[in-house]
Amino acid sequence: MRDRRRRDWTVVIPVKPAELGKSRLEIPGVDRVALARAIALDTIEAAAQVARVVVVTSDPTIDAPGIEVVVEPAPRGIATAVADGLATIPRDRRAVLLGDLPGLQPEDLAQALELARETRLGAVPDEERHGTTLITAREGDLPEAFGPDSWRRHLAAGFLELPVPSWSTLRRDVDRADHLVGALGPRTSRVLGRVS
């Protein structure tokens, strides 16, 4: 089942250079750059267990087994990164996942992608229902509206909410220190000094 899902869906993950990422995650005694990189890599590796993954980044340190990387010469914003990634993949069963889900469980993403089979344009909000963590297209164009208040803007663009549970790790993005709760990926846990 997992192998079939891997063939079916391609997930684009835009990743800022770690030096620029997670600017609000200032935690005493924790290297913010290392933390931003760890969060991205934990997200990427979880996604790669259930889908083909294409990472778009200008950060040369972002790599993981089994993924494809589209290298940008310099950071050009999320809209450009998403467009560059989508331009490299087929126009059916494709998705965009934000790279700030360090607690992501592969089966939670797999569940959302299964639900997306029945929806032309699907999306998943974060826990606070202000942002969007995942958008999907069964076929055709995949317009994105990431940025401030992205959940409202994705709904206005015609996306339907994928009915993932409220407790899904797919909804637990990290913008602030108080979001770093629950089970986290191994790299993020190591940077925070936790036992993974």
Side-chain angles (χ1 to χ4, degrees), residues 11-49 53-64 67 69-85 95-106 108-109 112 123-135 144-154 164 166-196:
V11 176
V12 172
I13 304 178
V15 176
K16 286 182 181 179
E19 292 77 11
L20 302 177
K22 299 295 135 198
S23 59
R24 289 182 285 172
L25 276 183
E26 294 295 342
I27 302 173
V30 174
D31 183 330
R32 182 189 58 79
V33 173
L35 180 58
R37 184 172 293 119
I39 287 170
L41 287 169
D42 281 338
T43 305
I44 290 164
E45 289 202 347
Q49 292 187 45
V53 169
V54 175
V55 176
V56 185
T57 187
S58 59
D59 187 338
T61 69
I62 297 294
D63 199 4
I67 70 166
V69 179
V70 174
V71 178
E72 295 193 306
R76 296 189 293 165
I78 190 169
T80 301
V82 168
D84 289 348
V96 178
L97 176 72
L98 295 192
D100 60 353
L101 298 160
L104 180 64
Q105 293 297 308
D108 287 349
L109 175 58
V124 176
D126 62 15
E127 282 185 314
E128 296 165 338
R129 300 184 70 83
H130 298 308
T132 309
T133 62
L134 175 76
I135 59 174
E144 66 83 18
F146 289 108
D149 203 19
S150 68
W151 180 240
R152 179 189 60 79
R153 293 189 295 121
H154 279 118
V164 302
S166 60
W167 43 259
S168 171
T169 58
L170 189 56
R171 298 185 60 184
R172 287 181 34 223
D173 62 337
V174 169
D175 290 313
R176 306 185 310 267
D178 61 314
H179 289 158
L180 288 164
V181 296
L184 300 170
R187 288 178 175 81
T188 304
S189 294
R190 281 195 295 272
V191 172
L192 292 172
R194 299 182 185 178
V195 177
S196 61

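On a predicted model such as this, the values are computed, not experimentally measured, just so you know.
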(message) As an exercise, state the distance from CD of E128 to CG of D175, rounded to the nearest 0.5 Å.
(response) 7.5 Å
(message) Contact between T188 and L35 at the side-chain level, heavy atoms closer than 4.5 Å - yes or no?
(response) yes
(message) Contact between L97 and L104 at the side-chain level, heavy atoms closer than 4.5 Å - yes or no?
(response) yes
(request) Search all heavy atoms of L180 against all heavy atoms of P102 and return the closest pair with its distance. (result) CD2-CG, 4.4 Å
(message) Would you say that L109 contacts L134 through its side chain, given a criterion of any heavy-atom pair below 4.5 Å between the two side chains?
(response) yes
(message) Test your reading of the model: is there a side-chain donor-acceptor pair from R32 to the backbone of R24, 3.5 Å cut-off?
(response) no
(request) Nearest 0.5 Å please: distance from the CD1 atom of I62 over to the CD1 atom of I67. (result) 8.0 Å
(message) Taking the side chain as everything from C-beta on, heavy atoms only, tell me whether L184 gets closer than 4.5 Å to D42.
(response) no
(message) How close do L170 and A112 get, counting heavy atoms only, and between which atoms?
(response) CD2-CB, 3.5 Å
(request) Using a strict 4.0 Å threshold on nitrogen-to-oxygen distance, state whether R37 and E19 make a salt bridge. (result) yes
(message) As an exercise, state the distance from CD of E144 to NE2 of H154, rounded to the nearest 0.5 Å.
(response) 6.0 Å
(request) Would you mind reporting whether V12 and V56 have side-chain heavy atoms less than 4.5 Å apart? (result) yes
(message) Could you tell me if the side chain of I27 sits less than 4.5 Å from the side chain of L192, heavy atoms only?
(response) yes
(message) Could you report the tightest heavy-atom contact between I135 and F146, atom names first, then the distance?
(response) CD1-CE1, 3.8 Å
(message) Atom NZ of residue position K16 - does it have more than 12 heavy atoms of other residues, nucleotides or ligands inside 6.0 Å?
(response) no
(request) Look only at the side chain of R171 and the backbone of R129, and say whether a donor-acceptor pair between them is shorter than 3.5 Å. (result) no
(message) Can you tell me how far apart CG (L98) and OG (S150) are? Round to the nearest 0.5 Å.
(response) 7.5 Å
(request) Determine the minimum heavy-atom distance between P125 and T133, stating which atoms define it. (result) O-OG1, 4.3 Å
(request) Determine the minimum heavy-atom distance between S58 and P73, stating which atoms define it. (result) CB-C, 4.3 Å
(request) Could you tell me the separation between the NE2 atom of H179 and the CG atom of L101, rounded to the nearest 0.5 Å? (result) 11.5 Å
(message) Treating D173 as the side-chain partner and D126 as the backbone partner, does any N or O pair qualify as donor plus acceptor under 3.5 Å?
(response) no
(request) From the options V164, D108, T132, select the one residue that forms a side chain to side chain contact (heavy atoms under 4.5 Å, CB included) with V124. (result) V164
(request) Determine the sole option in D59, T57, D63 for which the side chain to side chain donor-acceptor pair (under 3.5 Å) test with T61 is passed. (result) D59
(request) Could you grab the distance from atom CG of D178 to atom CG of L25, nearest 0.5 Å is fine? (result) 9.5 Å
(message) For a quick test of reading the model, state the closest non-hydrogen atom pair linking G21 to A36 and the distance between them.
(response) O-CB, 3.9 Å
(request) Pick out which of V70, V54, V96 makes a side chain to side chain contact (heavy atoms under 4.5 Å, CB included) with P14. (result) V96
